[in-house]
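To start, the structure under review is shown below, and the notes come after it.
Remember, predicted model here, so these are calculated numbers, not experimental data.
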Amino acid sequence: MTKTMKLMMGLVLIAGLTSCGVNKAMIFNQNQNATQVHLKSNNFKVVGKAKGTSDVDYVLIFGGANKKNLYDAAYADMLEQANLAAGPRAVVNVLTEEQVGGVPPFYYTRTVTVTANVIEFID
């Protein structure tokens with residue numbers, strides 16, 4: 001009896017002290033338009049970084065938006081932060097990170113973060 005109790009307490013202790021987060025990063029080109037830019041000379045400068053974040057909570061596997069809608073919201077937030085209307089600007093080096101944390105399947109949070117460098121073209 002005591003051996004079984006010690007084993008159960010050990011398993012509960014191990015489960016309680018482990019991290020319940022998963023992280024992954026995806027790098028791919030989201031700019032699918034036909035614009036071509038020839039960088040023969042140093043005709044641009046990096047003006048900053050833009051970051052957009054979107055998250056959703058799940059309880060018992062239910063709730064929230066699907067992954068595509070979550071990504072779209074984060075990407076739109078990043079483009080808004082980039083302030084592309086301020087001049088001849090573009091976003092480059094787009095990086096998408098996804099973090100899942102919590103205690104699945106009871107409760108977990110999925111967070112998608114999209115970051116990019118903002119460049120501005122000069123004469």
Side-chain angles (χ1 to χ4, degrees):
M1 177 75 173
T2 59
K3 200 174 210 184
T4 305
M5 190 67 142
K6 286 181 183 179
L7 178 65
M8 292 299 288
M9 290 299 290
L11 289 175
V12 168
L13 185 63
I14 289 172
L17 294 177
T18 60
S19 173
C20 294
V22 177
N23 207 5
K24 73 177 180 179
M26 300 167 283
I27 302 172
F28 48 90
N29 184 12
Q30 291 298 316
N31 191 5
Q32 299 294 330
N33 55 23
T35 303
Q36 293 183 357
V37 177
H38 298 284
L39 300 174
K40 293 180 182 176
S41 63
N42 192 7
N43 64 344
F44 67 94
K45 64 179 179 177
V46 178
V47 293
K49 273 192 158 184
K51 179 180 178 180
T53 303
S54 183
D55 60 351
V56 65
D57 296 325
Y58 296 94
V59 177
L60 295 176
I61 310 175
F62 297 107
N66 63 20
K67 268 193 199 182
K68 183 175 179 349
N69 291 344
L70 194 62
Y71 170 78
D72 289 343
Y75 192 76
D77 187 30
M78 184 269 303
L79 288 178
E80 185 178 318
Q81 297 291 324
N83 194 18
L84 297 179
R89 292 183 171 185
V91 291
V92 295
N93 302 331
V94 177
L95 174 68
T96 303
E97 297 178 66
E98 180 179 353
Q99 200 273 334
V100 178
V103 185
F106 306 111
Y107 170 79
Y108 64 98
T109 301
R110 173 174 279 140
T111 304
V112 174
T113 304
V114 180
T115 57
N117 292 330
V118 180
I119 62 169
E120 185 170 351
F121 294 99
I122 53 178
D123 293 329

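- Summarising the geometry of A82 relative to V91, their closest heavy-atom pair is CB-CG1, 3.9 Å, with the distance given to 0.1 Å.
- For the pair D77 and L79, the minimum side-chain heavy-atom distance is 4.5 Å or more.
- Listed by first then second residue, pairs satisfying side chain to side chain donor-acceptor pair (under 3.5 Å) with a partner in residues 54-65 read D57-Y107, D57-T109, not counting sequence neighbours.
- Residues Y108 and V100 share a closest heavy-atom pair of CD1-CG1, 3.7 Å.
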Start with the C-alpha gap between L95 and V114, add the side-chain angles, then the distance that decides, and say whether side-chain contact (heavy atoms from CB on, under 4.5 Å) holds.
-> CA-CA 6 Å; L95 174 68; V114 180; over 6 Å; no
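- Scored by the salt bridge (Lys or Arg N to Asp or Glu O under 4.0 Å) test, E120 finds R89 as partners (sequence neighbours excluded).
- For the atom pair NZ (K6) and OG1 (T4), the distance works out to 11.0 Å, reported to the nearest 0.5 Å.
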Going through the checks in order, is the side-chain contact (heavy atoms from CB on, under 4.5 Å) test met by Y71 and T96?
-> CA-CA 8 Å; Y71 170 78; T96 303; 3.4 Å; yes
Please walk me through it: do R110 and L70 pass side-chain contact (heavy atoms from CB on, under 4.5 Å)?
-> CA-CA 9 Å; R110 173 174 279 140; L70 194 62; 3.6 Å; yes
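- Side-chain contact between T113 and K51 is present, with heavy atoms from C-beta onward closer than 4.5 Å.
- V46 and I122 are assigned to two separate hydrophobic clusters, defined by single-linkage of ILVMFWY side chains at heavy-atom distances under 4.5 Å.
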Would you check, one step at a time, whether the test side-chain contact (heavy atoms from CB on, under 4.5 Å) holds for K3 with L7?
-> CA-CA 6 Å; K3 200 174 210 184; L7 178 65; over 6 Å; no
